[in-house]
Amino acid sequence: MEAKGWITGDESAKEMLGRVLSRARPFLLLPPLHRVPLRPRNVLEIVGPSPSAKTHLLIQAALTCVLPIDWNGVHYGGFDGFVIFIDLDCRFDIFRFSHLLKLRLASGSISEIDREQNNNTKERSSIAYDEELYTLCMRRFLYVRCYDSFEFLATLKTLHYRIQKEKAYGTCVHMLLIDSIGAFHWIDRASTCLPLRGNNNRKSHSIQAVLETVVQEIRKLLLLHPMLAIATKATLFGNRAMNEAKWNLRKPDTSNSQSGGITALQLPYREYMPSVWQTFVTHRILLRPSDDHLAVSDDQNHSVYFSEWLMPSLSFLDKFIVKEVSSLLHEVYEG
């Protein structure tokens, strides 16, 4: 009887497929974040020196999230969701975000965006877009600026109620974006108000305790409201390491034939964030600027960058180009 009951099962194939397909699907983001499937409750860390297009990738992820899948017969390929953007660097340009959103709306699809970027014939004032959809997308973008660690922590503690409010209006929060997670680290280290470690006899506001609380609050948010968390982090390199990096990018190692002549960036960077954050991260990608520039006109050069997945580790690099008024182009080197 027990074996027969196990074989019979407790659901039909239709019910099983409905249950499996209803689970959260991976986020399909623009290059170079397209290599690894990212799911709700994942924590992606974008690492790189300044500048290395870290904030640009956050903006592109936010645009993809707030855009609808389809609108009035036009396919945009978005997630039709809400985004929370926490700016700790205090350098976010909302006008740039607005302009890139208008470009995406005017283009209709990613392939058309690339074509418009190559032509580069439209002025900012002449971009034709759906104003109703533009307003809807901007309403789905929540921007918060924090000036110290305590404001950041207070923001995280109040996000639950804001997310609940959005759900009441039928909007689902898909992404939590943080730029940059280590913005206050060195300020806090130099501050006399935040010692490196707390007193063992009582709970104190040490750097370790504050960051532990930050991680706990983010983990709680991801548990109650499944979404993808993406955080940028600036890296620290010495002069010798930077010189070695430039040499490696100019003259790649050709000993590994499977990588097409280009191997990993092979540049160790100094990790300054406490282990409580490092163990919380589930995915990590490293960005690096290149000495190469793509000249498209006499007065316009576009920056070239390399990206490498560190967690999970992949055996190839992506080379992508960020244009001044563009979205994102990429050229892939892989094995």
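No donor-acceptor contact under 3.5 angstrom links the side chains of E212 and W277, judged on distance only. Side chains of R41 and T282: no donor on one and acceptor on the other come within 3.5 Å. A donor-acceptor contact under 3.5 angstrom links the side chains of H56 and R96, judged on distance only. For the residue pair Y76/T64, the side-chain donor-acceptor check at 3.5 Å is not satisfied.
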Exercise. Could you please spell out the steps behind the side chain to side chain contact (heavy atoms under 4.5 Å, CB included) verdict for K157 and K220?
Key: CA-CA 10 Å; K157 287 182 175 294; K220 187 186 305 182; 5.8 Å; no
Exercise. Please step through side chain to side chain contact (heavy atoms under 4.5 Å, CB included) for the pair H160 and L224, ending with a clear verdict.
Key: CA-CA 8 Å; H160 169 70; L224 296 176; 3.9 Å; yes
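Remark: T158 pairs with no residue by the side-chain contact (heavy atoms from CB on, under 4.5 Å) rule, at least two apart or across chains. Remark: F184 engages no residue in a ring pair (Phe, Tyr, Trp, His ring centres under 6.0 Å) (not counting sequence neighbours). Here Y143 pairs with F85, D87, F92, F141, R145 under the side-chain contact (heavy atoms from CB on, under 4.5 Å) rule; sequence neighbours left out.
You'll find the ring centres of H185 and Y272 inside the 6.0 Å limit.
A distance-only check finds no donor-acceptor pair linking the side chain of R288 to the backbone of G48 [under 3.5 Å].
Taking the charged nitrogens against the carboxylate oxygens, D179 and K54 have no contact shorter than 4.0 Å, which rules out a salt bridge.
A 6.0 Å sphere centred on NZ of K167 holds more than 12 heavy atoms belonging to other residues, nucleotides or ligands.
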